[in-house]
Amino acid sequence: MDPDAIGRLLDRHEAALVLFARQLCDAPEDVAQEAFLRLSALEREPDDPGAWLFRVVRNLALDSARAAGRRRRHEARAAAESPAWFDPAATDGPDPDAVQDALRTLPREEREVVVAHLWGGLTFEQIGRVNGASSSTSHRAYMRALQTLRERLGASCPNREKT
Amino acid sequence: MSEPREDLTALERSLSGLAPRGGLDRDRLMYEAGRRAGSRDSRRGRLWPAVAAALALATLGQAVALSRRPTERVVERVVTVPAPAPDPVVILTRREPAPPERPMKTPAVPSRALTARSDPAALAATEPPLLSVVYLGPITIDAPEPLTPRSILGGPL
């Protein structure tokens, strides 16, 4: 693939892909990098490169998590020691640490949908293709997750929804 | 990072305002992508030389195998196969009567038909039979007396 296109996709999806992979495994950077390397090895750009990248990252992250199954005991410690998910410099929104903690409490499927939609910019149809579910299923999971986040972040979210 | 969208609620907008931390080394990634592409191209470039080398090796092996192949040795053996005894062959030939040397008004010797009519017993003494038997091959017949064409064919000849 064209290096310029790779660079463009890297700018557009890199952070969201790392965050997405972080929901599934404890080596998100490696997984995201491998996905971009596989993208660069393609003869031509996929029809939907964003969804393609999320799907590849998901598969790689699940494989990585499966391979690390023997290290389950250390997962909690690793999660506690993992770097911050969000850039603390961007202080316009809610507290990044609070959002990270709230996201951690969500079921994995809901976290995937929230990250892919809010930070990855994927539609629910694209998310359904990534997760192997229907778009309505993804939308319902998203709405449940949003409700949970609203409840948990209600006090700390400055831009809380008024209605 | 996601772009601002109009269809988001306030909570979604505030959440999407957070910037996820990336962590990928862009330069390293691009270098690795180029390196993989290079190794892929070099693998593709080595394909035909590898095929040619393999074929040359196969040809060489065939040549060596052919040169070391043992020559064929011809062994002659006499094989005795018992053959069945040939069947006896009996050939019947008709003897043509010799043409008369000169025409005769009255035959000196009466014809066989006349003789047979007048004296069947004298028929055998007058002329040789028109049929003769040529016997080729062995034959076993229990006969009390030596075989003669008459005894084989039976009847007066």
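None of these values were measured; they are calculated from a predicted model.
- Applying the ring-ring contact (aromatic ring centres under 6.0 Å, His included) rule to pairs touching residues 19-39 of chain A yields A:F20-A:F54, sequence neighbours excluded.
- Note: B:R21 leads B:M30, B:E32, B:R28, B:R21 in heavy-atom pairs under 4.5 Å with chain A.
- In this structure, chain A has no heavy atom under 4.5 Å from any part of B:A37.
- A side-chain donor from one of A:R150 and A:Q147 sits under 3.5 Å from a side-chain acceptor of the other.
- When each of A:L17, A:V18, A:D30, A:L19 is checked for heavy-atom pairs under 4.5 Å with chain B, A:V18 comes out on top.
- Applying the salt bridge (Lys or Arg N to Asp or Glu O under 4.0 Å) test between A:E112 and each of A:R58, A:R55, A:R22 identifies A:R58 as the sole match.
- Of the residues considered (A:L37, A:L39, A:V114), A:L37 shows the highest number of contacts with chain B, using heavy-atom pairs under 4.5 Å.
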Let me have the donor-acceptor pairs involving side chains of residues 75-85 of chain B, under 3.5 Å, with sequence neighbours excluded, atom names and distances please.
none

